> 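Structure below; questions to follow.
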Amino acid sequence: IPANAGETIDLSCYNIQLDIGVTTPAEKLSWSSDDLTITGGKFVTPTQKGVYTLKVTDGVTEKNIYIIAKNASDSEYVLFETDFSDFSLDDLTMVTQDSGAAIAIEDGVLKLNSTANGNYILVLFPDYIGDFGDYTITSDVKYVNATSTSMWFSLIGRMQEDKESYAHFVLRNDITA
């Protein structure tokens, strides 16, 4: 549900598809949230820009629905944003490290160090992003030390549970490699 921070949303305006192909009318839904207060069972106000999780149920099936709030002056809704200044490694959804690879957050920068050929680091951000369809990934990255000119870095989107299927955006250290 797209929203502006500080504006009240009337959840009774939303019919929700809890099961594939079956839309449940708003009057048969109950809402709850650990993130926001729901007043009168149907009114919610996101206090600031961000992603808020709501749970909706018809008494049988439950589903997560998200409010994506932006500032009124912003032109885009943002699903995830960080500059790592107040971020902890504990905030990452999963970190996979091959032997010899290291990960750290220093001075507001996520540093991935895989200095031996064949080592890799896989960092996944919040699971809820997988609940969305199309989205744009924007990142500032910098190569500091490559072990060889054929090394590469990638941003991965839409990773599946098998961790083998994904969209792979490769940034090569030496484009002629």
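On a predicted model such as this, the values are computed, not experimentally measured, just so you know.
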> Let me confirm one number: the CG-OG distance from Asp34 to Ser32, rounded to the nearest 0.5 Å.
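Spacing of CG (Asp34) from OG (Ser32) equals 7.0 Å.
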
> Quick check: closest heavy atoms across Asp58 and Thr61, and the distance to 0.1 Å?
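Of all heavy-atom pairs spanning Asp58 and Thr61, the closest is OD1-N, 2.8 Å.
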
> Is there a donor-acceptor contact under 3.5 Å from the side chain of Asp83 to the main chain of Ser85?
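Indeed, once roles are kept as given, a pair shorter than 3.5 Å links the two residues.
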
> Any side-chain heavy-atom pair from Thr37 and Thr39 closer than 4.5 angstrom?
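In short, these two side chains touch, coming nearer than 4.5 Å.
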
> With a 4.5 Å cut-off on side-chain heavy atoms, are Lys42 and Asp10 touching?
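Asp10 vs Lys42: side chains touch.
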
> Could you list who else is in Leu11's hydrophobic cluster, with ILVMFWY side chains joined at under 4.5 Å, directly or through other members?
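Once heavy-atom contacts under 4.5 Å are chained together, Leu11 belongs with Ile1, Ile9, Tyr14, Ile16, Leu18, Leu29, Trp31, Leu36, Ile38, Val44, Tyr52, Leu54, Val56, Ile65, Ile67.
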
> Identify the heavy atoms of Gln48 and Ala69 that sit nearest to each other, and give their distance.
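Here Gln48 and Ala69 meet closest at O-CB, 3.7 Å.
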
> Does Glu27 CD have over 12 foreign heavy atoms under 6.0 Å away?
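Buried by this count: over 12 neighbours within 6.0 Å.
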
> Any donor-acceptor pair under 3.5 Å linking the side chain of Asp19 with the backbone of Val22?
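No; judged by distance alone, with no hydrogens or angles, the pair does not exist.
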
> Has Lys63 got a side-chain atom pairing as donor or acceptor with Gln17's backbone, closer than 3.5 angstrom?
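Between the backbone of Gln17 and the side chain of Lys63 there is a qualifying donor-acceptor contact (under 3.5 Å).
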
> Looking at Asp35 and Thr53, would you say the former's side chain and the latter's main chain have a donor-acceptor pair under 3.5 Å?
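Between the backbone of Thr53 and the side chain of Asp35 there is a qualifying donor-acceptor contact (under 3.5 Å).
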
> Just to verify, what does Phe87 make a ring pair (Phe, Tyr, Trp, His ring centres under 6.0 Å) with, not counting sequence neighbours?
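Checked Phe87 against ring pair (Phe, Tyr, Trp, His ring centres under 6.0 Å); matches are Phe84.
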
> For the residue pair Asn64 and Tyr128, confirm or rule out a side-chain donor-acceptor distance under 3.5 Å.
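Looking only at side-chain atoms, Tyr128 and Asn64 do not form any donor-acceptor pair under 3.5 Å.
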
> Asp74 side chain to Glu76 main-chain N or O, any donor-acceptor pair under 3.5 Å?
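No: the side chain of Asp74 does not pair with the backbone of Glu76.
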
> Under a 3.5 Å threshold, yes or no: a donor from one side chain and an acceptor from the other, between Thr57 and Ser30?
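No, Ser30 and Thr57 have no side-chain donor paired with an acceptor closer than 3.5 Å.
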
> Below 4.5 Å, heavy atoms only, C-beta onward: do Phe80 and Val51 meet side chain to side chain?
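The answer is no; the side chains never approach within 4.5 Å.
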
> How long is the straight-line distance from NZ of Lys55 back to CD of Glu62, given to the nearest 0.5 Å?
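The NZ atom of Lys55 is 5.0 Å from CD of Glu62, to the nearest 0.5 Å.
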
> Could you walk me through whether Ile68 and Leu79 pass the side chain to side chain contact (heavy atoms under 4.5 Å, CB included) test, one step at a time?
CA-CA 7 Å; Ile68 311 301; Leu79 296 177; 3.6 Å; yes

